[in-house]
Amino acid sequence: APPHLLIALLVPLGVHYVGFIIGVRPELWRVLAKHAGVPVWGVDTLNAALVLSRNLLGIALGCYLVLCVVGYTRIAEAFAAYPNLNWAGACALVLISIAYLPNAVVATLATLLGGHFTWAGASISLLGGGQIPARALPPVPGLAAVPTSVPAWAPVLFLLPLGVVVYFALKRSSSLRDAAATATWAGALGMIAALYSSGTVGAYGSVGTSAWELTVLGFGWAGVAALGAWTRGLWAAPPANPPGANLPEARPLSTPDSED
């Protein structure tokens, strides 16, 4: 069935709007928030969620590129599946793979956070060891990076997003209110990313990750990061009444020379 006309018109506008929000400096958003009477901490927590999401997407991109290098034979087989492929067709396949790179990175991130990447009724996750059915994958070389099996040590990859979370907690301080707001923003960003990177692809059915799943995962991981920053702030904060704070100020001793 052809795509819905209204959705086809609104989706590109949403992409430009998100890009506009990210492109404006946080200082300007703070000024606009003050003039509009919006709490400035809403801007700060959104910026924190964007930074955390950017770092998580960075490690997801790195993992996907490693999968491409490790699975270069499968990528070569994907090109070989086109018997009459010339250089123009090969360039077109490369451009299509690059165009789908954001989708692949979001799917990799969802998997690293504990979610699933699904296609045509099949799915892959770090917790689902065993063989992965290669059937019904769209004939795009970039998707050939999907491994044929999940090794038993795959859950070790959870240490990658955990490292990002620990780094975030060590570099920031947060209150409980900011922690809740940061987690909420991260969940919303996860939903937007999933909605834009997943969908129904003709006969291949649903391809991508669940929007609700990535929302919950984003909220949970960001909540852990923000609560870690709040806990670190409690430990690093000086005591409210340090020893000796309530003692009277010492007076200088008088010397015989100072007496009349």
Side-chain angles (χ1 to χ4, degrees), residues 45 48-71 74 100-119 122-134 137 142-172 174 178-180 182-198 206-232 235:
T45 52
L50 287 171
V51 170
L52 179 60
S53 300
R54 179 200 63 191
N55 295 341
L56 289 172
L57 287 171
I59 65 167
L61 174 61
C63 287
Y64 174 75
L65 294 178
V66 170
L67 287 176
C68 289
V69 173
V70 174
R74 295 190 301 273
Y100 277 100
L101 182 60
N103 305 61
V105 172
V106 172
T108 305
L109 176 60
T111 306
L112 288 175
L113 296 181
H116 298 78
F117 169 61
T118 62
W119 72 95
S123 66
I124 179 176
S125 72
L126 295 183
L127 300 177
Q131 297 295 318
I132 301 173
L137 269 174
L143 293 179
V146 176
T148 57
S149 63
V150 178
W153 54 264
V156 176
L157 295 177
F158 285 129
L159 294 176
L160 295 177
L162 181 61
V164 173
V165 165
V166 171
Y167 179 82
F168 180 90
L170 293 176
K171 290 296 183 179
R172 292 178 177 267
S174 176
D178 293 345
T182 301
T184 303
W185 281 121
L189 293 174
M191 174 172 282
I192 293 173
L195 289 175
Y196 272 94
S197 63
S198 306
S206 178
V207 177
T209 185
S210 168
W212 289 110
E213 184 178 61
L214 194 54
T215 300
V216 173
L217 290 172
F219 180 88
W221 282 87
V224 171
L227 287 176
W230 171 69
T231 304
R232 188 197 64 82
W235 289 346

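If you're wondering where the values come from, they're calculated on a predicted model, not measured in any experiment.
Taken to the nearest 0.5 Å, the CG atom of L56 stands 9.0 Å off from the CG atom of L112. Distance check: R172 CZ to D178 CG gives 10.5 Å after rounding to the nearest 0.5 Å. With values rounded to the nearest 0.5 angstrom, K171 atom NZ is found 15.0 Å from L52 atom CG. With rounding to the nearest 0.5 angstrom, the CG atom of L126 is 9.5 Å from the NE2 atom of H116.
Screening L57, T215, L214, L50 for a side-chain contact (heavy atoms from CB on, under 4.5 Å) involving L189 leaves a single residue, L50.
Contact check for F168 versus N55: no side-chain heavy atoms found under the 4.5 Å cut-off. In this structure the side chain of V207 reaches within 4.5 angstrom of the side chain of F117, judged on heavy atoms. Proximity of I124 to P147: side-chain heavy atoms (C-beta onward) are separated by under 4.5 Å at one or more points.
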When you look at L101 and L61, which way does the side chain to side chain contact (heavy atoms under 4.5 Å, CB included) test go after all the steps? CA-CA 9 Å; L101 182 60; L61 174 61; 4.2 Å; yes

Check against side chain to side chain contact (heavy atoms under 4.5 Å, CB included), L159 and L162: CA-CA 5 Å; L159 294 176; L162 181 61; 4.0 Å; yes

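The minimum heavy-atom distance between T209 and A110, with the atom names listed, is OG1-CB, 3.5 Å. Shortest non-hydrogen contact noted between L160 and C63 is CD1-SG, 3.4 Å. Of all heavy-atom pairs spanning G228 and A169, the tightest one is C-CB, 3.7 Å.
For Y167, the OH atom sits in a loose shell: 12 or fewer heavy atoms of surrounding residues, nucleotides or ligands are nearer than 6.0 Å. Counting heavy atoms of neighbouring residues, nucleotides and ligands inside a 6.0 Å radius, atom CH2 of W221 exceeds 12 of them. The local environment of OH in Y196 is crowded, with over 12 non-hydrogen atoms from other residues, nucleotides or ligands closer than 6.0 Å.
In this structure, the side chain of T111 does not engage the main chain of S125 through any donor-acceptor pair within 3.5 Å.
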